[in-house]
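Working notes, beginning with the structure itself.
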Amino acid sequence: MTPEDSQMKRNVRPLRVEAGSPAAHHEPTQQESPELRRTEEFRTFIFLTVIMAPVLAVMGVGGYGFIVWVYQMFAGPPGSGLH
Amino acid sequence: MRDLLRRYWRTLWRPSAYFSLGLLTLGGFIAGIVFWGGFNTALEATNTEKFCTGCHEMRTNVYEELRGTIHFTNRSGVRAKCSDCHVPHNWTDKIARKMQASKEVWGKIFGTIDTREKFLDKRLELAQREWARFKANDSLECRNCHEYNYMDFTRQSKRAFDAHSRSLESGEKTCIDCHKGIAHRLPDLTLTQQ
């Protein structure tokens, strides 16, 4: 957080958030209206659950498959290790 | 643009002010279920015959040959499809095999076996790779259907009975040692003697 940011936070009153509510720690600043923040949080949530987590999961499983493939190049096809 | 990224980066790491923990947790959980279901469905789709024979390399070579064999058509109507024999059923080995298929995509793009002649030239190498695989896992994919313990030797021919009771039971031989070229035609084996 830059000094300007904290300066801004002190000067600006929260718009809709009441003191003591969980959101009070994150008072909206001038650039950030509650509507904008709500939209941003919603978009972030959708992005994480619909795009990023699935992509990471597929990359993880695919990467694991490639590692096993490389391992099998040296150790032989599946089952070789058991004999 | 940088400002936009910075705002979303901040949103990413601070607690939500407008969405409850319940909604976020349940939403993530449900998305996880949907993803896992979709992932498995997609994985299964790549195991279907329709998918395998989608390429003419498979359809006009190995699939066409399979159609005449007992593994395709027989009196009881039980049959083997491509993945029953050629894709490991165990999860880790299956995923590794699916990644190996990226090399097949490469081959498809660059036409490695796009004619019958190229396929026949390459067939010995392809077959030997599968034979080595069956040998290493003790013909696991055969044994998924054909179980030694349930074979009724009285209903086998003398020759089969002798071979099975002598070599298969002791583990000295595995299915593929004798049963090569049963689902597809054999490669030109004279090439192995050169």
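Residue numbers begin at 1 in each chain, while the letters A, B, ... track the order of the sequences. Values below: every heavy atom of this structure, side chains too, minus hydrogens, waters and symmetry copies.
Residues of residues 71-99 of chain B lying under 4.5 angstrom from chain A, judged on non-hydrogen atoms, are B:W91, B:T92, B:D93, B:I95, B:A96, B:M99 in numerical order. Residues from residues 152-174 of chain B never place a non-hydrogen atom less than 4.5 Å from a non-hydrogen atom of chain A. Interface residues of residues 23-47 of chain B toward chain A, defined by a heavy-atom distance below 4.5 Å and sorted by number: B:L23, B:L24, B:G27, B:G28, B:A31, B:F35, B:F39.
Of the two parts of A:L48, only the side chain, counted from C-beta on, holds a non-hydrogen atom closer than 4.5 Å to a non-hydrogen atom of chain B. Only the side chain of A:F45 comes within less than 4.5 Å of a heavy atom in chain B; its backbone stays farther off. Of the two parts of A:F47, neither the backbone nor the side chain holds a non-hydrogen atom closer than 4.5 Å to a non-hydrogen atom of chain B.
Contact tally against chain B (heavy-atom pairs below 4.5 Å) for A:V70, A:V50, A:T44: the top residue is A:T44.
With a 4.5 Å cut-off on side-chain heavy atoms, B:Y63 and B:C52 do not count as touching. Side-chain atoms of B:I113 and B:R123, non-hydrogen and from C-beta on, never get closer than 4.5 Å to each other.
Applying the salt bridge (Lys or Arg N to Asp or Glu O under 4.0 Å) rule to pairs touching residues 55-64 of chain B yields B:E57-B:K108, B:E64-B:R67, sequence neighbours excluded.
Atom NZ of B:K122 is surrounded by 12 or fewer heavy atoms from other residues, nucleotides or ligands within 6.0 Å.
Across B:P15 and A:E41, no two heavy atoms sit closer than the pair O-OE2, 4.0 Å.
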